[in-house]
Amino acid sequence: MNDSLSWPFFNDGHRTLARDLDAWAADQLHEEGAEGAEDVEQLCRSLVARLGEAGWLRYCVAKEYGGALDAIDVRSLCLLRENLAKRSGLADFAFAMQGLGSGAISIGGTVEQKRKYLTQVAAGKLIAAFALSEPDAGSDVGALAATARRDGDDYVLDGEKTWISNGGIADFYCVFARTGEAPGSRGISGFVIDADTPGLSIAEKIPVIAPHPLATLRFDNCRVPAANLLGKAGSGFKLAMQTLDIFRTSVAAASVGFARHAMAAALERAVSRKMFGQTLGDFQLTQAALADMATGIDASALLTYRAAWMRDCLGVPATAEVAMAKMVATETAQQVIDRALQLFGGLGVKSGMPVERLYREIRALRIYEGATEVQKLIIGRQAIKEFSAGAG
Ligand code: COS
């Protein structure tokens, strides 16, 4: 039931990668978790370094810039995230943010930008972050208000970015700001900005239910050379969306990993917990719960690897299929983890229990990189578009 590596979406390279990573993770990762902000920052820094040393971060960039494969392969990213998430939410986070934080450079950067940043990201020597959301522009990215004003050979940035993962520990940020070529989404540009640039500061570190580095950034008269522009001026919205098209699929994969971890814990509990003269797993109610969980995980994995395969093998962005995968996998994982926790009874809510940790870890995935409601918007709009074009 769980041998998804035999699915036709994968080649032998993927199968070897998943098995090698799984063996490394079993040996190296031990439920890395942290409670305090400083602790979590230190842990993340060390995880990035270890993931870099072991070579796993090479899958975040193309071969020309120190990567493992000719181009970013979404199935590899997904297999890596699924298997990291099965062992450690923080290791998965550290891996994912190197990819998301440098994705806009891979897609839209100049050769110089790629040489400077991507090689170091792949080695785990520079920590990356993606700075898109704002206090008043989360789902509605086209409404973002931070500005980047052209001034001679420079741009000058002002405004705030919030919910920025790796905020405070990143060495550079891919930042999106309004440059004003046109109203709305057509007047936004991307920039790569080093963390130590004068005028860029951490306004607030944000504690969350599953601790990881997260912050609000403030730009106050922050001056960067025009050479830091990512892609063409005014193309930043599309660049951000193209980046998310790759990494949303990997969020789905991480959810599958979290759900598989919960399923394994639930099965262990079902066969070992005695009650009313039998085991928990002897109750049909438990079997029904396990059936729903197993089916949900397979459905999520199928949608995830279909979306990844479409991008890798058909060369299409597959935006709607990516949205389906992200929506179904994150929502299903939440349900699977909740049911697993229920099977543990009171023990399930005890701090430090694996299911308790998973219960906290999964929640943000239904929100970040596009909340479930945004994914529905994308899928619904695409269905109408195809119907209107006569393909329905
Ligand atoms: N790839 C390339 N181009 C895309 C695209 C994609 N995936 N999605 C949209 N575009 C283009 C559109 O084709 C359109 O181009 P034109 O101006 O040339 O016509 C432009 O971008 C605007 O698209 P659209 O009208 O669909 O934009 P909306 O403002 O309606 O927003 C949503 C669309 C809601 C889907 C978008 O804002 C979104 O994804 N929001 C969630 C953001 C998010 O994930 N935030 C989390 C940040 S990271 S933790």
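Just follow the structure's listing: the first ligand is 1, and inside any ligand the first atom is 1.
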A.B. asks: Are F130 and F176 close enough that their ring centres sit under 6.0 Å apart?
C.D. replies: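 Yes - the distance between ring centres of F130 and F176 falls below the 6.0 Å cut-off.
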
A.B. asks: Between the side chains of T319 and D245, does any donor sit under 3.5 Å from an acceptor?
C.D. replies: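 Yes - a donor-acceptor pair under 3.5 Å links their side chains.
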
A.B. asks: Taking only heavy atoms of S133, which atoms of ligand 1 are found under 4.0 Å from at least one of them?
C.D. replies: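 Taking each heavy atom of S133 in turn, ligand 1 has 47 (C) under 4.0 Å.
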
A.B. asks: With a cut-off of 4.0 Å, which atoms of ligand 1 are near a heavy atom of F130?
C.D. replies: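 This gives 48 (S) as the contact atoms.
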
A.B. asks: So is G138 in contact with ligand 1, going by heavy-atom distances below 4.0 Å?
C.D. replies: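 True for this residue.
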
A.B. asks: Which class fits the ring pair F276 and F283: parallel under 30°, tilted 30 to 60°, perpendicular over 60°?
C.D. replies: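 Perpendicular: the ring planes of F276 and F283 meet at over 60°.
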
A.B. asks: Give me the nearest non-hydrogen protein atom to atom 13 (O) of ligand 1 as residue plus atom name, then the distance to 0.1 Å.
C.D. replies: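 It is K238 CE, 4.6 Å.
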
A.B. asks: Counting non-hydrogen protein atoms only, what is the nearest one to atom 39 (O) of ligand 1? Give residue, atom name and distance.
C.D. replies: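 Checked against all protein heavy atoms, atom 39 (O) of ligand 1 sits closest to R248 NH2, 3.0 Å.
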
A.B. asks: With respect to D245, determine whether any N or O atom, backbone or side chain, lies less than 3.5 Å from an N or O atom of ligand 1.
C.D. replies: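 Among all N and O atoms of D245, at least one is under 3.5 Å from an N or O of ligand 1.
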
A.B. asks: What atoms of ligand 1 come within less than 4.0 Å of a heavy atom belonging to T319?
C.D. replies: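 Reading through ligand 1 atom by atom, the close ones are 7 (N).
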
A.B. asks: Could you list which atoms of ligand 1 come closer than 4.0 Å to a heavy atom of R186?
C.D. replies: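 Checking each atom against R186, I get 16 (P), 17 (O), 18 (O), 19 (O).
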
A.B. asks: Please determine if S139 has a nitrogen or oxygen closer than 3.5 Å to a nitrogen or oxygen of ligand 1.
C.D. replies: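 Such a contact does occur with ligand 1.
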
A.B. asks: Nearest protein heavy-atom contact for atom 35 (C) of ligand 1: which residue, which atom, what distance?
C.D. replies: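 Answer, as residue, atom name and distance: I378 CG1, 3.6 Å.
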
A.B. asks: Where does S185 meet ligand 1, judged by heavy-atom distances below 4.0 Å: at the side chain, the backbone, both, or neither?
C.D. replies: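 Side chain only; the backbone of S185 stays clear of ligand 1.
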
A.B. asks: What do you reckon, does G142 put a non-hydrogen atom under 4.0 Å from ligand 1?
C.D. replies: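 Contact absent.
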
A.B. asks: Could you tell me the residue and atom name of the protein heavy atom closest to atom 4 (C) of ligand 1, and the distance to it rounded to 0.1 Å?
C.D. replies: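 Nearest protein contact, heavy atoms only, for atom 4 (C) of ligand 1 is M241 CB, 4.1 Å.
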
A.B. asks: Give the residue, atom name and distance (to 0.1 Å) of the protein heavy atom nearest atom 25 (O) of ligand 1.
C.D. replies: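 Residue, atom and distance for the closest contact: R381 NH1, 4.2 Å.
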
A.B. asks: Name the closest protein heavy atom to atom 23 (O) of ligand 1, giving the residue it belongs to and the distance to 0.1 Å.
C.D. replies: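 Here the nearest protein heavy atom works out to F237 CE2, 3.7 Å.
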
A.B. asks: Could K205 and E41 be called an ion pair, given the rule that one side-chain N must be under 4.0 Å from one carboxylate O?
C.D. replies: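 Between E41 and K205 there is a salt bridge, with a charged N closer than 4.0 Å to a carboxylate O.
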
A.B. asks: Just heavy atoms, cut-off under 4.0 Å: does L100 contact ligand 1 by side chain, backbone, both, or neither?
C.D. replies: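 It is neither part, as no heavy atom is under 4.0 Å.
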
A.B. asks: Assess, by modelled atom type and distance only, whether the side chains of T279 and D282 contain a donor and an acceptor separated by less than 3.5 Å.
C.D. replies: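 Checked: T279/D282 side chains pair up, N/O donor to acceptor below 3.5 Å.
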
A.B. asks: Classify the ring geometry of W7 against F9: parallel below 30°, tilted from 30° to 60°, perpendicular beyond 60°.
C.D. replies: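 The rings of W7 and F9 stand perpendicular, inter-plane angle above 60°.
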
